[in-house]
Each structure stands twice: as structure tokens, then as C-alpha cells.
Amino acid sequence: MEVSFIDQLWLARIPLFKGLGISVSISFLSIVAGTVLGVFVGLALVYGYRPVRWIVRGYTDFIRGTPVLVLVLASYYVLSAIGIDLGPFQAGVLALAVFCSSHVGELVRGALQSIPKGQTEAAKAIGLTFAQTFAYVLGPQALRQALPAWVNTAAEMVKASTLLSIIGVGELLLRTQEVISRTFMSLEFYFFAGFLYFVINYGIERFGRYVERKTAVPS
């Protein structure tokens, strides 16, 4: 008796949705950590002392020029070789967060440098500290400019999470491949996995639109 795709999907629902949960968790943690670190990277590139700018510039250029897969393998195998033992999940989040931070840092740098210097000077003139200047003057403007590109970067992190299957992270793609090896329904299950990845990225895009509306300057 031939078993339909719906029947196989129902049988595989638990591993698939566990894999989906891991993919969402990895993507969320790497995007949040990468964004926070990226803000500091961007600030260092614009306002850091010259030696600091050189070091951070080297960091961003090196990370952006390195394939994500190499970062994933290095986080898992190289760190283990020097005595830093991370599990596959932790190593994967670290690799993606580092990669995300280099891109977010460049977004923040570009956004900050596009703001007229007179605004920073005016903030100093009225006695604002640098933290207050960033929080009330520079940050909101940089956010509005960097947000569309940040959404694209966040979506790329979701896609990059599929590479973590190579170090044994049980994310959605690995679980899908395991189901396919049992059912031989490659087209159907890959299409279903692609749909789930689309749902995640669509959620990120809608969140970006929501933040963009909230931070828009009233006309």
C-alpha cells in the first residue's frame, strides 16, 4: 500500500518541528548577539581611537571575507583543538553571531557616517554625554537608515543556519534529510522545508516593517 506525503509528514512531524525549533533558536540568538556586537563594531569604526579602528577594521574585513562554512568549522574544531570545548549548538551560534556582527558593524558605520557632524557637535554643546548622544540623537537616525539592510542580513543568518548540519546540529535541514533518507520523498520534503524557511524570513521581514513604521519620522 502506497503511503502519501501527508501520512509521512504526520509521522515525521516531531523531528521536523524539533528541527524547526532549533533553527529558530539558532537564528534568533545569532541575530541578537551579532546585532549587539555589530553596534559596538560600528561605533569603534567611527569613533574609536586610530589603533582601535585598525584592529576592528581588520576584524570586519577578515570575517566578511571568510565563508560562513569555514567560520562554522573553525568555531567547532579549531576552538576544540586549543582547549575551548563548545557543543555543536554553541559553536554554530558563535560562528553565525561573529559573521552577523561584521555585516551589522558595516551597516552601523555607514549609517553613522551619513549623519551630519553638526548634530554630534550640537549634542556636545548642550552637555550630552556620548552615550546620551548615541541614544537620543545618532542611534534613532542610524536605525532608520540601517534597518532595511539589517533585515536582509538577518534573513541571511537564517539561511546560513542550514550549514550547521555539517557539525551535527539537528536543525531543520538535517532533520529533513533524515526523513528523506527514510521515505525517499526528496521533492516533497525539501519543498516543505523551504516553505518553513520562507515563513521564518517572512516573519523577520514583517518585524522589520513594524520597527520601520514605529521609528519613521512623522511627515
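Please read all numbers here as calculations on a predicted model, not as lab measurements.
No chain of hydrophobic side-chain contacts below 4.5 Å, direct or via other Ile, Leu, Val, Met, Phe, Trp or Tyr residues, connects L86 to V78. Placement of F184 and L9 in two distinct hydrophobic clusters is found when ILVMFWY residues are connected by side-chain heavy-atom separations under 4.5 Å, directly or transitively. Cluster membership check: F191 does not share its hydrophobic cluster with L196, using side-chain heavy-atom separations under 4.5 Å among Ile, Leu, Val, Met, Phe, Trp and Tyr. Both F62 and L45 are part of a single hydrophobic cluster, where members link through side-chain heavy atoms under 4.5 Å apart. Connection of V39 to V52 is established within a shared hydrophobic cluster, with ILVMFWY side chains joined at heavy-atom distances below 4.5 Å, either directly or through further cluster members.
For the pair T60 (side chain) and R57 (backbone), a donor-acceptor distance under 3.5 Å is present. At least one donor-acceptor pair closer than 3.5 Å links the side chain of Q132 to the backbone N or O of T129. Of the possible polar contacts, none joining the S80 side chain to the Y77 backbone as a donor-acceptor pair under 3.5 Å is found.
Taking OG1 from T153 and CG from L147, the interatomic distance works out to 10.5 Å, rounded to the nearest 0.5 Å. The distance from atom CZ of F99 to atom CG of L163, rounded to the nearest 0.5 Å, is 10.0 Å. The distance from the OG1 atom of T176 to the OH atom of Y197 is 6.5 Å, given to the nearest 0.5 Å. Atom CZ of F195 sits about 7.5 Å away from atom CZ of F192, to the nearest 0.5 Å. Interatomic distance, Q90 CD to S75 OG, rounded to the nearest 0.5 Å: 11.5 Å. Here the OG-CD distance, from S161 to E156, works out to 11.0 Å after rounding to the nearest 0.5 Å.
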Apply the test side chain to side chain donor-acceptor pair (under 3.5 Å) to residues T162 and E171: give CA-CA distance (whole Å), side-chain angles for both, the deciding distance (0.1 Å), then the verdict.
CA-CA 7 Å; T162 60; E171 43 74 56; 5.8 Å; no
Run the side chain to side chain contact (heavy atoms under 4.5 Å, CB included) test on W150 and V108 for me, step by step, so that the C-alpha distance in whole Å, both residues' side-chain angles and the decisive distance to 0.1 Å come before the verdict.
CA-CA 9 Å; W150 176 88; V108 173; over 6 Å; no
Show your reasoning for whether salt bridge (charged side-chain N to carboxylate O under 4.0 Å, His left out) applies to R109 and E106.
CA-CA 5 Å; R109 178 197 61 77; E106 282 296 315; 3.0 Å; yes
Does the pair L79 and D85 meet the rule for a side chain to side chain contact (heavy atoms under 4.5 Å, CB included), with working shown?
CA-CA 7 Å; L79 291 182; D85 293 321; over 6 Å; no
Kindly determine whether F207 and V151 satisfy side chain to side chain contact (heavy atoms under 4.5 Å, CB included), including the steps that lead there.
CA-CA 9 Å; F207 172 75; V151 170; over 6 Å; no
Residues T120, V137; criterion side chain to side chain contact (heavy atoms under 4.5 Å, CB included); working and verdict
CA-CA 8 Å; T120 304; V137 180; over 6 Å; no
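Counting heavy atoms from C-beta outward, N201 and K159 have side chains that approach closer than 4.5 Å. Residues V46 and Q113 form a side-chain contact, since some pair of their non-hydrogen atoms from C-beta on lies under 4.5 Å apart. Taking the side chain as every heavy atom from C-beta outward, R53 and Y49 never approach each other to under 4.5 Å. In this structure the side chain of S25 reaches within 4.5 angstrom of the side chain of F89, judged on heavy atoms. In this structure, the side chains of I204 and I31 come closer than 4.5 Å at one or more pairs of heavy atoms. Contact annotation: the side chain of P15 never approaches that of E178 to less than 4.5 Å [non-hydrogen atoms, C-beta and beyond]. Residues Y59 and V98 form a side-chain contact, since some pair of their non-hydrogen atoms from C-beta on lies under 4.5 Å apart.
Salt bridge status for E121 with K117: absent, with no side-chain N to carboxylate O gap under 4.0 Å.
Residues F134 and Y47 place their aromatic rings such that the two centres sit no closer than 6.0 Å.
E188 is linked by a side-chain hydrogen bond (donor to acceptor under 3.5 Å, both in side chains) to nothing, counting only residues two or more places apart in sequence or in another chain.
Annotation: L69, atom CG; neighbour count of heavy atoms from other residues, nucleotides and ligands within 6.0 Å is above 12. Residue R182 qualifies as enclosed at atom CZ: its count of foreign heavy atoms under 6.0 Å is above 12. Counting non-hydrogen atoms of neighbouring residues, nucleotides and ligands closer than 6.0 angstrom, the CZ atom of R209 reaches no more than 12 such neighbours. Within 6.0 Å of CZ in F130 there are more than 12 heavy atoms belonging to other residues, nucleotides or ligands.
Between A160 and V68 the shortest heavy-atom distance is CB-CG1, 4.1 Å. Closest approach of V169 and P88 over heavy atoms only: CG2-O, 3.4 Å. Considering all non-hydrogen atoms of both residues, A142 and L112 come closest at CB-CD2, 3.9 Å. Considering every non-hydrogen atom in both P67 and G65, the closest pair reads CD-O, 3.9 Å. Across all non-hydrogen atoms, the minimal contact from V56 to A44 is CG2-CB, 3.8 Å. The minimum heavy-atom distance linking R64 with S102 is given by the pair CG-OG, 3.3 Å.
Applying the ring-ring contact (aromatic ring centres under 6.0 Å, His included) test to residues at least two apart or on different chains, none of the pairs has a partner in residues 7-41.
A donor atom on one side chain and an acceptor atom on the other are not found under 3.5 Å apart for S165 and Q177.
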